[in-house]
Colleague: 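Before anything else, here's the structure in question.
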Amino acid sequence: MPLPHPPHPHPHPEPHWTFESFLKGLIGRDIEVYFINQFYVGQLQSVEDGYFTMVVNSAYYLPEQSITVFSRSVEYLRILN
């Protein structure tokens with residue numbers, strides 16, 4: 001008869017943290033999103049797997065525009081409020 005396997009040292013799986021799970025807590029807040037060549041300032045609207053949307057409030061985008069940002073393209077993110 002084979003010996004039973006010893007119990008896993010952590011019976012509960014470790015929580016899985018993602019950039020998107022972090023962003024979901026920031027919906028409605030103002031953020032700056034930096035890319036290699038540009039940045040956007042605006043309010044975070046929604047977060048999905050792999051991307052998020054924000055309303056950009058800039059002199060370059062009048063009236064305000066909603067944009068989609070792919071999470072992997074973000075170099076830096078700053079929370080403004």
Colleague: Output all residues satisfying side-chain hydrogen bond (donor to acceptor under 3.5 Å, both in side chains) with S66, sequence neighbours left out; order by chain, then residue number.
Modeller: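 Scan of S66 (side-chain hydrogen bond (donor to acceptor under 3.5 Å, both in side chains), adjacent residues dropped) gives none.
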
Colleague: Y51: which other cluster members, linking ILVMFWY side chains closer than 4.5 Å, directly or transitively?
Modeller: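 Hydrophobic cluster check, Y51: joined to F70.
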
Colleague: Is V55 linked to Y40 within one hydrophobic cluster, defined over Ile, Leu, Val, Met, Phe, Trp and Tyr using a side-chain heavy-atom separation of less than 4.5 Å?
Modeller: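 No; tracing contacts between hydrophobic side chains, which count when under 4.5 Å, never links both residues.
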
Colleague: In the hydrophobic cluster built from side-chain contacts under 4.5 Å, what are the other members alongside I36?
Modeller: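 In the cluster with I36 there is nothing else; it is isolated.
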
Colleague: With L26, which residues qualify under side-chain contact (heavy atoms from CB on, under 4.5 Å), at least two apart?
Modeller: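 Testing L26 for side-chain contact (heavy atoms from CB on, under 4.5 Å), a comparison that skips the adjacent residues, returns F22, L23, R29, L44, L77, I79.
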
Colleague: At their closest point, which heavy atom of N81 faces which heavy atom of D30, and how far apart are they?
Modeller: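 Answer, listing the atom of N81 first, then D30: OD1-N, 2.8 Å.
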
Colleague: For E32, give me all partners under side-chain hydrogen bond (donor to acceptor under 3.5 Å, both in side chains), at least two apart in sequence or on another chain.
Modeller: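 For E32, the residues satisfying side-chain hydrogen bond (donor to acceptor under 3.5 Å, both in side chains) (neighbours in sequence not counted) are Y34, R78.
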
Colleague: Where do F39 and V41 come nearest, in terms of heavy atoms and distance?
Modeller: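 Reported closest heavy-atom pair: CE1-CG2, 3.6 Å.
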
Colleague: Nearest 0.5 Å, please: how far is CG in L80 from CD in Q43?
Modeller: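 Interatomic distance, Q43 CD to L80 CG, rounded to 0.5 Å: 11.0 Å.
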
Colleague: Can you sort out the partners of S46 under side-chain contact (heavy atoms from CB on, under 4.5 Å), two or more places apart, ordered by chain and number?
Modeller: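 Residues passing side-chain contact (heavy atoms from CB on, under 4.5 Å) with S46: T53.
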
Colleague: Nearest heavy-atom pair of E48 and E20: which atoms, and what distance?
Modeller: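 Minimum heavy-atom separation between E48 and E20: O-CG, 3.1 Å.
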
Colleague: Output the distance between atom CD (E75) and atom CG (N37), rounded to the nearest 0.5 Å.
Modeller: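 Taking CD in E75 and CG in N37, the distance rounds to 9.5 Å.
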
